[in-house]
Each structure stands twice: as C-alpha cells, then as structure tokens.
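Encoded as structure tokens, the structure appears first; notes follow it.
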Amino acid sequence: MSLININPTTTASWKELSEHYKDIKDIHMKSLFLEDSDRKKNMSLKFEDLHLDFSKNRISEETLTLLLQLAKESKLEDAIEKYFRGDKINATENRAVLHTALRNNNTEPILVDGQDIVPEVHETLQKIKKFTQEVVQGEFKGYSGKPFTDVVNVGIGGSDLGPNMVVEGLHYYKNHLKTHFVSNIDGDHVAEVLKELDPETTLFVIVSKTFTTQETLTNAETIKKWFLQSATENDIQYNFVAVSTNLEKVKGFGIAEDNIFTMWNWVGGRYSLWSAVGLSISLAIGFDNFKNFLDGAYAMDQHFRKTEFRHNIPVILAVISIWYNNFFGSESEVVIPYTQYLQKLAPFLQQLSMESNGKSVDRNGEKVTYQTGNIIWGNTGTNVQHAFMQLVHQGTKLIPVDFIGFKESLYGNEDHHQKLMANYYAQAEALFAGKSAEEVHLDMKVSGDLQKINTLLPFKVFEGNRPSNAILIKKLDPRSLGSLIAIYEHKTFVQGIIWNIYSFDQFGVELGKELANKLLVN
Ligand code: F6P
C-alpha cells in the first residue's frame, strides 16, 4: 500500500506551530531552563549505552507536543508500519524500502511481491561470512596462490561512502588486511591507489548496484587492464568479486558467478552498507564485528518501530530539525563527532539526507511551497573549533548542531580524552549560554583591559541561544556505530514523511550524468 499524502502546511498543528513560533522565537533557552528545573532530565532519552540530551533546543514541552502532533497528522505511524513491512513506499520507482530487513535478526517472513525475502537475506549473509573467513584466514587466495594483503573497494555514492566511513570509523577493530577505496572517475585517484598494490595479493571488490555507473565501470576497467599486465583473463576469478543486482553485466565483465554477491532493488544505494555492499567492512573488521554492527542497527530499528514518539530518538531528532528548518528558517545542520575515527561521517550523512530529501515536488507531484531537505555538513571536533565554529558561534545564521561524543577512548589515553570531552561539553555550553556584554565587561576589567573595553566589547559578545543536541555514547564500537547510523536513517525517513516527499528516489542526479555522456559523444 502506498503512503498517505498530506501537505504538512494544511494540518492544524502546522498552523499552531506557526503561531507558537511567534511566542517562542525571542525566548532565550536560559529562561526555559529556569522555568523547568528538570528540563535536562525531561529532555533526555536513553537507548542502550547511548544518551541523547536535546534540552539545549529552542523548544518547550508545548513545542514538542505540537511537533509530535504534526508527525501524527502526517500519518507517521502508518508510514513506519509500511516501511518495515515492505510496502512499495518508493512509489516513483515502484519499490519497497527494506534496508531494515538486511539487519533483521528474526526469521518472520517479509514479503516483496508475495515472496519472502528473509531466506535470501540470510543466505547472502552466510556467503559474506564464509568469504570473509576464507579471505582473512588466507584460504581464498590470489591467482598466484598467495594470501591477500589488500582489499580495494571500487564503487561510488552509496557503494563507497558507507563502507568507507565504517571501515575508517571502526579502524580500531581492523585485522591485517589493508582496505582501500577508489570512487572518483579522476584517473589520478585510481593511479594513486594502484601504485601501492601488488596484483598477486590484492582483492578487488567491484560494488555497483546497477553495474552501469560510469565512474565505477571506468575504474574497474582500468584496474582490470592493470591486473592483466601481470595475470591472465582466467585469473580474474581469483582476484575480483562483485556486489550487484545486475548479474549479467557483472558476468560480462569477467567475474565468476560464484564471486558475485547479490543485492536487491528494494535496497537504496545510500542505505546499502548493511547488504553485501558492506563486504569490505566485513573483510576489514571480520564477520563477527560486522554482525554486531548489523545488530546495533536492528536494535535501533526496534526502538524506532515500537517506541511512542515522545521517547523515540529518531522521531525527536527529526521533528526538532523540522522546527528549525521550517519555522526558524535554518537552512543547514552541522554534525560534529568528537572522535577522529568518524571523519567521514559527514560525507556519508550528506548523501543519506540530501540525496533522500533534496526534493521540491511532493508526493502528489505538486511543487512544494515549503522548505524540505537541509544542508548537512560537519567534521570532527576539536578540529572544527579551529575552522568553521566561529560562524556557528557568532555568524548571522542559526545552525543547529549535533555533537556526538564517547565516554571512553579506545586506547585509554585519559589525558587526551578528558581534554577532548571538555571541548565537547564546552562547545554546547558556549552556544547555549553565550557571553553577555556585562560578562565581557567584567572579564576585561579583571584582566586589566579597561582601556580596550569601548572598542572591543561588541566583538567579544556571544548572543548564545544557539541550539544543539548532545549524543553521548559509551564507546565507539560496531554495535554503537550501527545504532547511530540507523538513527540518522530513520530521522531522514521521518522528515521525508512529514514533508510529503519521496525520500527513496534520486532523479536529481540524472541530468548531470546525461549531459556528461552527451559531451563525451560529441
Ligand atoms: O548518485 C546516484 C547513485 O545512484 C546513488 O544513489 C548510488 O549510491 C550511486 O549512484 C552508485 O550507484 P551504483 O551502486 O548503481 O553504482
């Protein structure tokens, strides 16, 4: 069954929110804290080892009630059920949206076109497991009989960003295999990667859902030519595997049928890292860790599916984001993980959110009259404090932040970790509280800068009242990263439902591709 289409601006809650915005827009969060001494507790949620504090937002309980009412009026409950049970909610492509089935731990049937997909999902997982064990243990060898030392993931977009982010994110759990990623059609990219490699001991994983993507096919052909300088066509079966829905095209490339890992058209590219697209993750950290990663996402799926909205982490994050985007007029959101391991989280989230919700036509085919997808950006703390945070603290734009921190460091360097986390807390506090003219005045007086007060004071004032969410996780590990990514997937879904757009197609990337192809022909 298809989604119910409701223009959010026609709902009673949207109208109430517009009125309510006028009441709240000039209120400082400090007074909201003064009104409710339990605000932090009331506006915190817990899931396993993950804690979300959303108290530093320009919202009251009434705001939340109205936002959650908007979710209800948008028939979010109905949409969630259709999403998980495999209805064809990706109507423009006539497909179900079932990345959640890839991490589903139970054997209850999920039907697509009357066919239970669960057995084939589990079969492919078994194949990933067996292959991972054989490669890691050196049983599946390269063409000359040597075990593999290097793995190269060749793919782009969803066939690159997710695996790349997770392999880097979970580097601490990595085994002896070195993992490389080739994505850009820029020949220098592939050349730089190949120059380090030995064809005898390198496994190439060609990942393309469609196996028609220009970048991936061009890189794969270049790699094949390079490989054939040392090996024969017959050797391709030892050193090349593929992940795709397009079996014929993969076979045409020369990859042995046994070396093909299937995926399905009910998995969107940007949601595909849970499928065999995540093969390079499994190879890098071992299957058990990969399974823990899937389990973390599955646990978050259960939370999202079963928890009422007021205590539902993805729903809360989604509606708060809508509050800023559609009522405060914020255009972007910044995500700042306080761990160097998650340096590639922002590019991953950019595709996830912006390819999903960068739409200006609603589900009725009408041009929308309200804002949809946010601009997502970010990088790691503390590096960003020496880069773009100036603009977030004192610029003219209201930019909500997600801070992501970890209670424990992986190598246990307490001195570094305390400093890192002091910064994590300080940034949120500084954005929230700011620094008034009186405080600046006092500071300058105390430090003996009296004569500069008249000239410098205005520049040193921070107005504060700048919102942020604080996600605090015990430790970065496969399970917690799985849950974290699932939060952002479901947040994206909720926003698409409320904005009444289709989040699972991406026609917007086609025109550029067509024009590039025309230019190549001419
Ligand atoms: O950028 C468009 C897109 O279709 C993405 O959605 C997808 O992740 C990427 O290209 C790669 O596609 P494929 O896996 O089919 O090569």
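Just so you know, ligand 1 is whichever comes first in the structure, and atom 1 is the first atom listed for that ligand. From a predicted model like this one, the values you see are computed outputs, not experimental measurements.
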Looking at every heavy atom in both F253 and K224, which two are closest together, and how far apart are they?
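Scanning both residues completely, I find the closest heavy atoms to be O-NZ, 2.8 Å.
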
Nearest protein heavy atom with distance in Å, relative to [atom]:
atom	value
atom 1 (O) of ligand 1	E355 OE2, 3.2 Å
atom 10 (O) of ligand 1	K513 NZ, 4.5 Å
atom 2 (C) of ligand 1	V509 CG2, 3.5 Å

Could you list which atoms of ligand 1 come closer than 4.0 Å to a heavy atom of [X]?
X	result
T213	12 (O), 13 (P), 15 (O), 16 (O)
G158	7 (C), 8 (O)
I156	9 (C), 11 (C)
T210	13 (P), 15 (O), 16 (O)

What do you reckon, does Q351 put a non-hydrogen atom under 4.0 Å from ligand 1?
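The answer is yes, since Q351 has a heavy atom less than 4.0 Å from ligand 1.
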
Just checking, any donor-acceptor pair under 3.5 angstrom between side chains of [X] and [Y]?
X	Y	value
E333	S321	yes
R363	N500	yes
N7	W14	no

Between K359 and D505, is the closest basic N to carboxylate O distance under 4.0 Å?
yes

Does an N or O anywhere in V207 fall below 3.5 Å from an N or O of ligand 1?
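Not met; the criterion fails.
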
Under 4.0 Å and counting heavy atoms only, is there anything from the protein next to atom 6 (O) of ligand 1?
yes

Name the orientation class of the two ring planes belonging to H99 and F504 (parallel below 30°, tilted from 30 to 60°, perpendicular beyond 60°).
tilted

What class does the angle between the rings of F304 and F84 fall in, given that below 30° is parallel, 30 to 60° is tilted and above 60° is perpendicular?
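The arrangement is tilted - the two ring planes meet at 30° to 60°.
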
